[in-house]
Student: 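My structure is below; once you've seen it, I'll send some questions.
Heads up: numbering here begins at 1 and tracks the sequence. Heavy-atom basis, side chains included; hydrogens, waters and symmetry copies ignored. Indexing begins at 1, ligand by ligand and atom by atom, following the structure's order. Please read all numbers here as calculations on a predicted model, not as lab measurements.
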Amino acid sequence: MTGTRVLVLNSGSSSLKYQLLDMRDSSRLAAGLVERIGEQTSRLKHTPLAAGGDAREADGPIADHDAALKAVAQELARDGLGLDSPDLAAIGHRVVHGGMFFTQPTVIDDAVIAEIERLIPVAPLHNPANLTGIRTARALRPDLPQVAVFDTAFHTTMPESAARYAIDPRIADRHRIRRYGFHGTSHAYVSRATAELLGKAPEDVNVIVLHLGNGASASAVRGGRCVDTSMGLTPLEGLVMGTRSGDMDPAVIFHLARVGGMSMDEIDTLLNKRSGLFGLCGDNDMREIRRRIDEGDEAAALAFDIYVHRLKKYIGAYYAVLGTVDAVAFTAGVGENAAPVREAAVAGLEGLGLAVDPGRNAVRGDRPRIVSPDSARVAVAVVPTDEELEIATQTYALVGKNT
Ligand code: ADP
């Protein structure tokens with residue numbers, strides 16, 4: 001392997017996010033996003049980080065992912081970072097669902113593509129989009145190693161007691177129903193970075209990671225290995241999220257169908273897109289919710305309380321799963337920025353050794369930091385996640401090993 005650059009691609013159904021990194025120092029050379037692929041109003045936003053220039057935006061129809069990646073390649077070439085460069089060592093792809101099969105990052109070949117395809121029934125929204133990105137990138141650089149990094153992989157270490165639902169295992173196995181968990185790349189990165197922040201090896205610490213973005217999930221990580229996580233068969237289970245309900249009595253679904261006369265598709269849309277904070281108060285952005293609370297808005301205050309109550313329950317549950325806890329780490333958009341959420345989530349948990357120091361908690365920053373008082377038994381930490389860096393690191397390590 002001669003190159004030191006890795007291109008990370010995160011391909012959604014109508015979007016393509018990318019970053020180009022130099023693995024010698026993990027620096028970011030360029031980053032960008034193509035939105036609304038397939039529409040008349042597509043937009044490419046490219047930031048030439050290494051060149052230090054302003055972001056460039058281009059509007060106009062981009063028909064498909066193939067055209068999107070070619071447009072990205074052109075932008076990179078303008079910065080002298082073309083995808084035909086020998087400096088490019090590999091392309092790393094985020095793949096949402098790797099099922100039970102993919103426990104590690106994997107070099108992509110036809111058999112790997114076929115397996116990702118076989119998982120489409122359990123990830124109907126995400127895996128087809130991820131596959132489109134993979135096919136497009138392979139067509140553009142067939143000679144280059146391409147690596148799939150799976151959101152589910154970090155969670156494949158969960159014991160059966162955490163991964164199984166309490167249903168007939170024959171039915172579960174026939175339909176591949178079990179708890180897979182998601183956001184694994186972030187949970188892996190943040191749990192390791194938290195150990196580093198504590199000055200310890202990952203094997204020596206137990207961490208509860210709270211990834212609170214638009215989607216949100218918690219995980220219990222013992223000695224660097226995930227032993228439980230809050231998302232399940234799909235990313236709908238667990239915490240209250242921006243637009244998803246999280247945990248609910250499954251009988252609510254029967255009730256909505258039988259008594260409410262709703263179709264399965266309508267219920268799916270209700271629980272995934274019109275619930276959570278948005279369903280409760282009409283806003284899914286925590287900044288807006290805090291602003292409304294400050295103005296005395298009751299619906300926003302109740303939505304916040306429901307969100308925090310669920311979060312607190314998961315902290316307690318994972319404390320019990322782990323037995324001893326060294327740190328609770330908050331990450332992603334809400335976890336990194338919303339001090340009131342952190343404060344409310346651990347309020348009253350002094351008996352468990354958990355507290356935040358108001359002064360430390362109020363400080364903003366983009367570095368990992370501890371926000372609990374020095375006297376606290378358990379560190380409460382804010383650890384910014386970096387999924388792209390984690391995908392690039394795993395990709396580069398794997399390609400280095402194979403050449
Ligand atoms: P995604 O799941 O889309 O990757 P992010 O991790 O970027 O999400 O988180 C996005 C969410 O983070 C926003 O919807 C918003 O609720 C929250 N957020 C971002 N910045 C702030 C802030 N300064 N204060 C409170 N919440 C914030």
Student: Hey, is Asp228 close enough to Arg179 for a salt bridge, meaning N to O under 4.0 Å?
Tutor: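 Counted as a salt bridge, because a side-chain N and a carboxylate O are separated by less than 4.0 Å.
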Student: Could you identify the single nearest non-hydrogen protein atom to atom 18 (N) of ligand 1 and state the distance to 0.1 Å?
Tutor: Gly333 O, 3.6 Å
Student: Please check this pair: side chain of Thr103 against backbone of Ala153, looking for a donor-acceptor N/O pair closer than 3.5 Å.
Tutor: no
Student: Does any N or O atom in His211 lie less than 3.5 angstrom from one in ligand 1, N or O only?
Tutor: no
Student: Would His97 and Phe182 count as a close aromatic pair, with their ring centres under 6.0 Å?
Tutor: yes
Student: For Gly215 and ligand 1, answer yes if some heavy atom of the residue is under 4.0 Å from a ligand atom, otherwise no.
Tutor: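 Yes; Gly215 lies near enough to ligand 1 that a heavy-atom distance drops under 4.0 Å.
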Student: Please test Leu16 against Leu69 for side-chain contact (heavy atoms from CB on, under 4.5 Å), starting from the C-alpha separation and ending with a verdict.
Tutor: CA-CA 8 Å; Leu16 179 68; Leu69 187 59; 4.2 Å; yes
Student: Taking the six-membered ring of Tyr165 (Phe, Tyr or Trp), confirm whether the NZ or CZ of Arg178 is under 6.0 Å from its centre and within 45° of its axis.
Tutor: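 Not flagged: Arg178 not positioned over aromatic ring of Tyr165.
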Student: For ligand 1, find out whether one of its N or O atoms is nearer than 3.5 Å to an N or O atom of Met286.
Tutor: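 Yes.
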Student: Apply side-chain contact (heavy atoms from CB on, under 4.5 Å) to the pair Tyr307 and Val334, showing each step before the final yes or no.
Tutor: CA-CA 11 Å; Tyr307 182 95; Val334 176; 3.7 Å; yes
Student: Check for me whether Arg364 has a heavy atom closer than 4.0 Å to any atom of ligand 1.
Tutor: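 So Arg364 counts as touching ligand 1.
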Student: So for atom CZ, which belongs to Arg138, do other residues, nucleotides or ligands contribute more than 12 heavy atoms lying within a distance under 6.0 Å?
Tutor: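 More than 12 within 6.0 Å, yes.
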Student: Please work out, at 4.0 Å between heavy atoms, whether the side chain, the backbone, both, or neither of Asn284 comes within that distance of ligand 1.
Tutor: backbone
Student: For atom 15 (C) of ligand 1, find the nearest protein heavy atom and state the residue, atom name and distance (0.1 Å precision).
Tutor: Asp285 OD1, 3.4 Å
Student: Against heavy atoms of Ala332, which atoms of ligand 1 measure under 4.0 Å?
Tutor: 6 (O)
Student: Tell me yes or no: between the side chains of Glu387 and Ser186, is some donor less than 3.5 Å from an acceptor?
Tutor: no
Student: Numbering the atoms of ligand 1 from 1, which are under 4.0 Å from a heavy atom of Val334?
Tutor: 12 (O), 16 (O), 17 (C)
Student: Does atom 26 (N) of ligand 1 have a protein heavy-atom neighbour under 4.0 Å away?
Tutor: yes
Student: Look at atom 24 (N) of ligand 1 and say which protein heavy atom is nearest, naming residue and atom and giving the distance to 0.1 Å.
Tutor: Arg287 CG, 3.3 Å
Student: How close does the nearest protein non-hydrogen atom get to atom 10 (C) of ligand 1, and which residue and atom is it?
Tutor: Asn214 N, 4.0 Å
